[in-house]
Amino acid sequence: MKLRCRSTKLGKVRFTSHRDAARIWERALRRAELPVAATEGFTPRPKISFGLALPTGAESIAEYVDIELREDAADVDLDALPERLSTALPTGFDVLVVAERHQGTASLQEAVTSVTWELWAPDLDRDAHIDACRLLDADVLELERERKGKRSVDDVRPMILEAQPTATDDRLVIRLATVGRALRPAEFARLAYPDLDPVLVRALRTHQWIDCDGQPEELLPLPAGLDARPVEVLA
Amino acid sequence: MSTLWPRIEPLLAKVQKPARYIGCEDGATTPRHDKLDDGDTVAWLLAYPDTYEIGLPNQGLQILYEILNERDDAVAERTYAPWTDLLTEMRAAEVPLFSVDTHRSAADFDVLAFNLSSELVYTNVLEMIDLAGAPVHAADRGDDDLVVIVGGHAAFNPEPLADFIDAAVLGEGEEVVSEITEVLGEWKRSGRTDRVDMLRRLAQVPGVYVPSMYEVTYHDPTDDDPIGAVAAVTPRHPDVPPTVDKRTVADLGEWPYPKTPLVPLTEVVHDRLSVEVFRGCTRGCRFCQAGMITRPVRERPAEQVRTMVNDGLRRAGYDEVSLTSLSTADFSDIEPVVKGIIADNAAAENSCDTLTISLPSLRVDAFTVGLAGEVQTGRRSGLTFAPEGGSWRLRKVINKLITEEDLYGAVESAFSQGWSRMKLYFLTGLPTETDEDTLGIVELAANCVRIGKQYTNRASVTVSLGGFVPKAHTPFQWFGQNTHEELRRKIGLAKDAAKKAKGVQVKWHDAAATTAEGITSRGDRRIGAVIERVWRNGGLFQEWGEHFDLSLWTEAMDAEGLSLDWYVYRHRDEHEILPWEHLTAGLHKDFLWGDWQDSLAEAGVEDCRWTPCYDCGVCTGYGIEHVVASPIAPAGGSQGTGQDLSRGGEVPVEIMRRPTPAGAST
Ligand code: B12
Ligand code: SF4
């Protein structure tokens, strides 16, 4: 059986890296005693795969993991699984939804075409967010960035699909394309809030979308009534 | 008293590896804040003066953390040295040293307690005291300031830190932390008024050394002794003991800690479950401080090891466990324990396909290789042995009694079982060492490659060369360390020879750091000013190659009018009062001196776990004994016994037996 899980990364644990999160999941699956299948070969690894990397420091209520169970494993109770996995994971990692993943479904990396983010910072107000939305009016948005030591200038305008402030005005909601070289929220912040150090802009990933006949459709929607919003974690 | 998290959080966004600072580990206790607020609880901030990745795996602090948090009158949190990027941010934002558990300011605690497992971290200790907001000099601390305590192996010569610490603990901390808590609790209840009186009480707790309660005087400099050796160390009060003895727990079986091992969220150097299988080591390697100061051997009952492994793996979710000790293949019940762990995993409903058991500090013999084969199921990549000396003569000097046949036998057995790469550890700069010994290292390695070629074309041997630094409380404490220039020359010699030896690579650490380590390892109180200078001039993380700067140390020595020759490179004689002479790990000075003389005479000593006691002083002096898990010596025997223990065997000595479960021994 193959499973797909949607989970959170909220609070202090936002400072763990994508790599850290993968290791945390591996251990949690063993702690939950879930019969995960292993790869063949000299050094067998559990068969789990992760979606788009979440930048270190960003939070999320839409993280995805695909897990393959051992063929000989007894049926697992899917309804009890979110609770079972959340208990095995550290605080801040909570499993929201688990669904069976059917044969032939595209892998996470292939399937997702865009993601929605919320951005905010103590110094950013309604006006700043409204200004940021003007990026949509530009035809071309050149951004200089570096990857693996190589500098390049790219037009990132096509990556910005939507932008609008939240109803409460303190955050900006953006949807960014992920096909091709993705635009990171911090890179967006550099363009949108040029006066602010982008590391101070907080980001929360709220949705990952797949393309369904030209319409974005959520990979695993949250069940009605489930509030996954973060609460400010202090002590 | 509250969390600093809102002030720390924005800083973490700016630094590398921010997960170092978040805590959140499984196994972390949520400290009872109410306890912290009630004025009588003694709050400990346990500190590792190196990065989180290095400090978190330390078992010592994890053990003390649990023991203290189990007490009603104590609470313990943890902190690690912030890396330089965060330090800069913290200084700029005026954020003090904080705990990773609840992100409280260090100033909210009563005690700042460091584990010192290496000497090069001393400047980090000063930085952390300062960052905690306490005066760096103990003499300047008032009633409201933190009490600074150090423990761990390097604390066996705490004199270089005497100006900065309130107390040092010698030996194992399991029992003494409670006794310290009681003294501090009483002090708090009495309104924290008389700090000096509290320190005087601490000085009466066995194992606790309070430097300010002792006066050190020095001889006047002469032509023969241009610096002036210690003349006397005198207690300032009649109730302060003239000698401080180390603490030792008699039975490790009574301390099955850590019960809830900390599982870090980010990668650390030892990223696996550790279960300590025994303490102490009686092989008697003369360069090894750890072996000397942790005598006698106390093995954990085999059944407890198995339970701790099984419970620990289940709760942590690790797929790797390390059975730690100073020489794990010497654990008398090692084979059944390892087989038991494998069997338990196989029998578990959700057995782990990837379970790995790692056995650090492998002994050099075929039995050990067989054992390694049993636990290493995946690809057989590399195996490490530590012959330490390049010739049989030199190995007798250091009492690492591995014959060439032992080594070749072990290597052959490893190559024949599918390993293709060996790593051999050697020390250079050992007493009586000649260039012949140094070249012998490469010869040994080349012979190993030759053996390996019979089995695989890929056979290769890496020689890892470390510069030797003599340590306090060892027979080599009198030995004049090699200069780093001399060490570099010897390393060069080995490197050149290795160019002609196919399949042999030489790796080495730059020898410069050995000089700084030498200053701090056998220094006296006058070295405190040197450490302070290095720290004030920005010398942090000196154990990290990228930060180490020898000129900071040599300039500080010059500025204080102290000489490297005198402190580091000079041989001491029998009658000199060594700076740590009032502190003891139980080893008689006579024994250590005799062992030093035996060493120079190239005479080895036996492993007293299996052969009669030669009265080093520890067991006899402290009324404790070796505790072994099985009355049968492990197959492969023990060095220097002169007995054939290759298949295990009854040992003709009286040992304190623990009941071994039926069938647990071979
Ligand atoms: C795991 C391990 C590592 C790991 C993790 C290190 C760590 N943070 O502990 C890694 C790989 C990082 C490592 C690195 C190094 N290690 Co190491 N390591 C070990 C090992 C195998 C176990 C350590 C351990 O957890 N011990 C068990 C605990 C229970 O003992 P403990 O920490 O000493 O604590 C007890 C007491 O000392 C005391 N105590 C300790 N602190 C305090 C504080 C207070 C206030 C009190 C009251 C009591 C107290 O109470 C504790 C319980 O009884 C030991 C070998 C061994 N079996 O001890 C070597 C050992 C400690 N390492 C050693 C060395 C040399 C190093 C390195 C310097 C190697 C190098 N050249 O880079 C570095 C130093 C890193 C650093 N900056 O600290 C030596 C120390 C030599 C010595 N001083 O005699 C040892 C003894 C191995 C050896 N034989 O050479 N090491
Ligand atoms: S007192 Fe005897 S038995 Fe104990 S460690 Fe010393 S030599 Fe060995």
Side-chain angles (χ1 to χ4, degrees), chain A residues 9-47 55-58 69-70 73-74 76 87-93 121-123 186 197-203 232-235, chain B residues 1-6 8-28 30-31 33 89 99-104 263-268 271-273 313-320 348-356 376-381 418:
Chain A
K9 191 181 184 188
L10 294 172
K12 289 179 177 175
V13 300
R14 72 188 175 94
F15 289 113
T16 56
S17 67
H18 186 62
R19 231 175 91 95
D20 292 336
R23 301 155 54 80
I24 290 168
W25 267 93
E26 275 188 30
R27 286 197 301 261
L29 293 172
R30 281 193 293 265
R31 291 170 61 177
E33 304 197 343
L34 206 63
V36 179
T39 59
E40 308 283 316
F42 267 134
T43 39
R45 302 300 327 152
K47 283 194 178 170
T56 303
L69 299 185
R70 279 210 289 259
V76 287
T87 316
L89 283 160
T91 310
F93 288 89
D123 291 345
D197 183 349
V199 302
L200 297 177
V201 177
R202 301 275 303 265
E232 210 49 41
V233 189
L234 284 180
Chain B
M1 208 183 290
S2 63
T3 174
L4 294 174
W5 181 250
I8 297 165
E9 194 175 24
L11 308 185
L12 296 191
K14 301 183 190 178
V15 302
Q16 291 171 29
K17 304 191 185 173
R20 287 166 165 173
Y21 311 107
I22 61 173
C24 301
E25 304 90 347
D26 182 68
T30 312
H33 301 242
E89 299 290 341
S99 69
V100 298
D101 300 83
T102 63
H103 296 94
R104 272 153 207 266
V263 187
L265 300 196
T266 188
E267 201 168 352
V268 296
D271 216 353
R272 48 185 170 258
L273 178 70
L313 288 174
R314 193 163 328 113
R315 48 168 314 126
Y318 279 124
D319 62 348
E320 185 172 356
E349 205 174 307
N350 268 293
S351 65
C352 171
D353 304 329
T354 53
L355 180 72
T356 315
Q376 216 173 347
T377 42
R379 189 199 316 273
R380 302 200 159 164
S381 42

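All heavy atoms count here, side chains included; hydrogens, waters and symmetry mates do not.
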Side chain / backbone / both / neither for A:Pro90 at chain B, heavy atoms under 4.5 Å: side chain
Check whether B:Ala348 gets within reach of chain A through its side chain, its backbone, both or neither, counting any heavy atom under 4.5 Å. neither
Which bit of B:Arg315 is near chain A, if near means a heavy-atom gap under 4.5 Å: side chain, backbone, both or neither? backbone
Please round to the nearest 0.5 Å and tell me the distance separating atom CZ of A:Arg45 and atom CG of B:Asp319. 6.0 Å
Before accepting this row, confirm whether a basic side-chain N of the pair B:Asp26/A:Arg31 lies closer than 4.0 Å to the acidic partner's carboxylate O. yes
With only heavy atoms counted, which part of A:Leu29 is less than 4.5 Å from chain B, the side chain, the backbone, both or neither? neither
Restricting to non-hydrogen atoms, name the atom on B:Leu265 and the atom on A:Asp20 that form the minimum distance, rounded to 0.1 Å. O-CB, 3.3 Å
Looking only at non-hydrogen atoms, find the nearest pair between A:Lys12 and B:Cys24 and report the distance. CB-SG, 3.8 Å
Can you tell me how the ring of B:His103 sits relative to the ring of B:Trp5, calling it parallel under 30°, perpendicular over 60° and tilted otherwise? tilted
Please determine, among B:Glu267, B:Arg20, B:Lys14, B:Glu25, the option with the most heavy-atom pairs under 4.5 Å with chain A. B:Glu267
Which bit of A:Thr91 is near chain B, if near means a heavy-atom gap under 4.5 Å: side chain, backbone, both or neither? neither
Closer than 3.5 angstrom, by distance alone: can the side chain of B:Thr3 be matched with the main-chain N or O of B:Thr102 as a donor-acceptor pair? yes
Counting heavy-atom pairs closer than 4.5 Å to chain B, which one of A:Arg23, A:Arg14, A:Arg19 comes out on top? A:Arg23
